[in-house]
Amino acid sequence: MISITAFLVITLLAVTIIPFVDVKGKAVVVYLAVILNTLISGNLAVQAFMGQSFEYIFAGSLSLGRLPIRLDVLSAWFILIINFIFITGGFYGLFYMKTYQNQRKNLGLHSIAFVMLHASLIALCAIQNGMVFLIAWEIMAISAFIAVIFEHTKIMTIKAGINYLIQSHVCIVFLMLGFMWAAYKTGSYDFQVIGNYTAGLSGAAPVILFLTFFVGFALKAGFVPFHTWLPYAHPAAPAHISGIMSGVLIKIGIYGILRMLLVIKPDFTIVGYTILIFAIVSGLYGVMLAIVQHDLKKLLAYHSIENIGIIGIGIGIGCIGLGENNLVVASLGFAGALLHTWNHALFKSLLFFTAGNIYQATHTLNIEQLGGLVKKMPQTAYLFLIASIAICGIPPFNGFISEFILYSGMYYWIQGATMITMIASIFTILGLVLIGGLALLCFTKAFSVVFLGNERHSFDHEIKEVPQIQLIPLYMIAFFILIIGVFPQYFIGLIMQPVALITGSEAVGRIFENNLTDSLQHITLAVWGFILLILTVFLVRKFVQTKRMVTYESTWACAYEGPAAQMQYTAGSFVRSYSKLLKPVIMSVKREKEIHGIFPSDGAYVSHTYDKLEKWLIDKPIMAIKSFMGRFRFLQNGKSQFYILYGILFIVSIVCIPIIYETIIQLIGYFKHI
Amino acid sequence: MLSFILILIAGFFFTGIIIRTKSIASGRRGPGVLQPIKDVIRLFKKGAVYSRTTSFIFQIAPTIYFSSVVMAMMVVPFGQAKGIISFNGDFVFFAYVLALGKFFSIISAMDTGSSFEGMGASREALYSLFAEPAFFILMGSFALLTGHTSFHMMFMALHLGSYISYAIALLATFVLVMIMMVENSRMPIDDPKTHLELTMIHEVMILDNSGFDLGLILTTGYLKFALYGALIVNLFIGMVPYQYAIPLFFGIQFLLAVTIGLIESFMARYRMSHNPQFIFALTSVSLLIFFGVLLVLGKFA
């Protein structure tokens, strides 16, 4: 109780104080509030991991019913992730926002949104009353909206923000539908009551109820085809907000899905296959589109969709495992999903923060204009490299561990009993492998075009590394990326409890012992050996080279002596054969002005890609609605006489309709009488 | 440990045999079988020229590329003898550690800022992406067939009993040989002896490497051949005792090298634009293997 009160008081106090202090004071208050809230919630989370789940039940009101605050290990796991990313992201944000120091009011609003976002995300993990959950969800959505539109003077930013706001309300509609359905049947919004109700149900009802929630949460998580807001909102937000959105905001959707699985306990096989299909499509579609993006942040945003897909694959096979009573598959699937949730939060926020550094230094995120940054911003470059290798799921970093767990689950699953299982698992493996390969293509492109080679564009300002202190949180994240990669077994112990909670079985520890611990220990050894090997070979190389002559020349260009920066491979050319192959999936728009004539005038060539699904699912229906509504546009002609006429018509109809109604009733009665 | 040493020895001769076969096929006597190794040793002794455009990435990439293949070698078993590292799911590690090497070789090519090397890097990234699924599905089929998920256990339990299993082994050999060709950038995917930079994949990526680094990259190529060769050998030796298995190992590696030499002598390279289709077709062959396994297990009842 004290914790909850302190949590609320800190949040409210911070929000009240922020408008009245100067910019420095705002920074202090925001960060202090985040730290204090982190300490309070983190303390409860750690206690939950120690085996003492926090529970407090408010009496609530007549309309809401009981208001339970429960903090089990699943909530605790997500709270820890949220806190870590907010601590690092907030610290990074303090320095990232220095450029905007003179926008005092704007910063005030942003700070309030930041504190509210943190508080609401934590609250969402603990609240177990549908109605209050929705209120917290709304606070979260709106504070994220305000945080995104910090640079609201830019038209693209405000557009992206509104797009996000609308879609998150569509998401709320689905959640509300789900909770209202449950409340109509049970008379309560309490999750436990909902759980008791669905436990007594059989047949399709729980599945449909779950799928209603799933659509709602999938909109937030960014599963394809509910992803269209995501590639707009992430690039529009300031870097620390993008990192937080991608790192934890969309993960609250994952939390929701897992929580609803726990509460509703639908037919796991059907639900599992549904999630699996959505997840594989998301993973592939996300990365396929990521490759052709030229805006660095947009590229990363599409990668979030891909990684949500990978997490979804874990949840999907976990569910199927539960449905088929295959506990090994279930625990490995959920373990992979939960670990990847954290892993993705780590490397994706690191990528967004480094992208923020690039934006600060160059004022652009168009990768076609960048290049050669490794020499100007070496620390940012190597941090970006670490995160890129991690996101491709390559050892020795954390991405490999979660993907390895997923593979272990799938290769165990493949030995299942039925043909359907085997075929499903082989195609899931195919999906995950393709996702990995495509990610490699994407990040070799992103890293090499942004950081390597020569500069593709000359900037009229000096490009330099961001201040050292701003890099501290980035190193913190990179440290964890490496540690999870080289000592995975300690983190497996950590996710054991949430997995045990989801699968509802205490045998998870033994399963990990049998199927994972040994492998992970070997991986640790192998990875250390690998690092050692690299160092040895490199030292030998260095030793040999000290005795030889080493000279520096210009790049070999087939004996051509003046290779220019414009002759380098660009991002577009790097993926050209790929985008030609995937023409049916990717929609690319080209505008060309060819050169012809004896004295040619200027030529031009612009190409950009567009999301085909967005065109069919969002743009086309909106166009249809617009054109239908357009027929009534004559009503709104701007002449005040007409509006007065409408008013009179309205009043007259209000008065007349009941009278006419009564008359008709009387007439009918009269005719019946006859 | 045994497999590691054997692969190392096979790696010494593999490329030499290929070159020798090609020479004989074209009516020349050709260089000695150890010539490639002599070339590498010469390179190790040489100084180096670096491009001014390059950064530290370019310096460390050959090292990581080399180490990744050596690391992958440690995972591969030899019949009854485990690899140096062996655990459940080690083939995932095998594939991903090779991917790290690939990642670095691609970005080091892009580091030079050359248009040619960018071209090679782009192709390498694309083709290896298409080759990967075939390997994973193949391993999935073996996991299903044998009920194990480590290289060692899988190959140990792989009994060639019925006709279908022979067909599976044959198809698997085909898939692995083709993956070997893709990974090593040989015909019919890539022509290492072409004259034009525009038509190369691997060779064009290392245009700017010289001296020790080039030596490392070449050695890696040799080892990679023997590495995939060892995987193929493992399909057949299973529980065969060592006194037969070791000669068999070298016999099969020799046969593979000769086959590659013959393929390179009598086949033309595919058109670059058709390569992805060809490589992706490997995945369907792998799927065929998978369905073959389902047949063997009688799951199509």
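Order of the sequence lines sets the chain letters (A, B, ...), proteins ahead of strands, with each chain counted from 1. Note: hydrogens, waters and symmetry copies are ignored here, and every other heavy atom, side chains too, is used. Note that the coordinates shown come from a computational prediction; the quantities given were computed from them, not determined experimentally.
For A:S408, no part lies under 4.5 angstrom from a heavy atom of chain B. Only the side chain of A:L581 comes within contact range of chain B, with at least one heavy atom under 4.5 Å from a heavy atom of that chain. Residue A:V374 touches chain B through its side chain alone, counting heavy-atom pairs closer than 4.5 Å. For A:F538, the parts lying near chain B are the backbone and the side chain together; criterion is any non-hydrogen pair under 4.5 Å. If you measure heavy-atom distances from A:E403 to chain B, the contacts under 4.5 Å come from the side chain alone. For chain A, the nearby part of B:F290 is the side chain; its heavy atoms alone come within less than 4.5 Å. Heavy atoms of B:N88 lying under 4.5 Å from chain A belong to its backbone as well as its side chain. B:F58 does not touch chain A: none of its heavy atoms, backbone or side chain, sits under 4.5 Å away. Both the backbone and the side chain of A:L434 come within less than 4.5 Å of a heavy atom in chain B. When heavy atoms are compared at a cutoff of 4.5 Å, B:K102 does not approach chain A at all. Of the two parts of B:S86, only the backbone, made up of N, CA, C and O, holds a non-hydrogen atom closer than 4.5 Å to a non-hydrogen atom of chain A. If you measure heavy-atom distances from B:T283 to chain A, the contacts under 4.5 Å come from the side chain alone. Looking at A:F530, both its backbone and its side chain come within 4.5 Å of chain B, counting heavy atoms on both sides. Residue contact with chain A, scored on non-hydrogen atoms closer than 4.5 Å, involves the backbone and the side chain of B:A121 alike. Contact of A:Y552 with chain B is made through backbone and side chain together, with heavy-atom distances under 4.5 Å. In this structure, the portion of A:L385 lying under 4.5 Å from any heavy atom of chain B is its side chain and not its backbone. For chain B, the nearby part of A:V544 is the side chain; its heavy atoms alone come within less than 4.5 Å. With a threshold of 4.5 angstrom between heavy atoms, B:I84 does not approach chain A through any atom at all. Neither the backbone nor the side chain of B:E124 comes within less than 4.5 Å of any heavy atom of chain A.
Interface summary for chain A: among B:S108, B:P133, B:S210, the most heavy-atom pairs under 4.5 angstrom belong to B:P133. Of the listed residues (B:A143, B:G215, B:S150), the greatest number of heavy-atom pairs within a distance under 4.5 Å of chain A belongs to B:A143. Per-residue heavy-atom pair counts under 4.5 Å with chain B were compared for A:I429, A:V449, A:L516, A:I523, and the maximum is reached by A:I523. Residue with the most contacts toward chain A among B:S128, B:G211, B:A95, B:S68: B:S68 (heavy-atom pairs, distance under 4.5 Å). Counting heavy-atom pairs under 4.5 Å between each of B:F44, B:F91, B:F104, B:F135 and chain A puts B:F91 at the top. No other option in B:K45, B:E132, B:M139 has as many heavy-atom pairs under 4.5 Å with chain A as B:K45. Interface summary for chain B: among A:Q521, A:K547, A:K580, A:K375, the most heavy-atom pairs under 4.5 angstrom belong to A:K375. Per-residue heavy-atom pair counts under 4.5 Å with chain A were compared for B:V92, B:T54, B:I85, and the maximum is reached by B:V92.
Looking only at atom types and distance, the side chain of B:N209 has no donor-acceptor partner in the side chain of B:Y50 under 3.5 Å away.
Judged by distance alone, the side chain of A:E306 and the main-chain N or O of A:I435 form no donor-acceptor pair under 3.5 Å. The backbone N or O of B:V49 sits nowhere less than 3.5 Å from a side-chain atom of A:E553 that would complete a donor-acceptor pair. The backbone N or O of B:P62 sits nowhere less than 3.5 Å from a side-chain atom of A:R541 that would complete a donor-acceptor pair.
One distance of note links OG of A:S388 with CZ of A:F347; it measures 10.5 Å at 0.5 Å rounding. Between the CE atom of A:M422 and the CD atom of A:Q415 there is a distance of 9.0 Å, given to the nearest 0.5 Å. Of the inter-residue distances, the one linking A:Y382 atom OH with B:I57 atom CD1 reads 4.5 Å to the nearest 0.5 angstrom. Between the CG atom in A:L370 and the OG1 atom in A:T570 there is a gap of 12.5 Å [rounded to 0.5 Å]. One distance of note links NZ of A:K445 with CG of A:L441; it measures 8.5 Å at 0.5 Å rounding. Taken to the nearest 0.5 Å, the CZ atom of A:F443 stands 14.0 Å off from the CD1 atom of B:I106.
At a threshold of 4.5 Å between non-hydrogen side-chain atoms, the residues A:L438 and A:L284 count as touching. B:F93 is listed as a side-chain neighbour of B:F87, based on a closest heavy-atom distance under 4.5 Å.
Heavy-atom neighbours of B:R269 CZ from other residues, nucleotides or ligands within 6.0 Å: above the threshold of 12.
Ring pair B:F278/B:F130: centre-to-centre distance not below 6.0 Å. For an aromatic pair to be called close, the ring centres must be under 6.0 Å apart, and A:F451 with A:F384 satisfies this.
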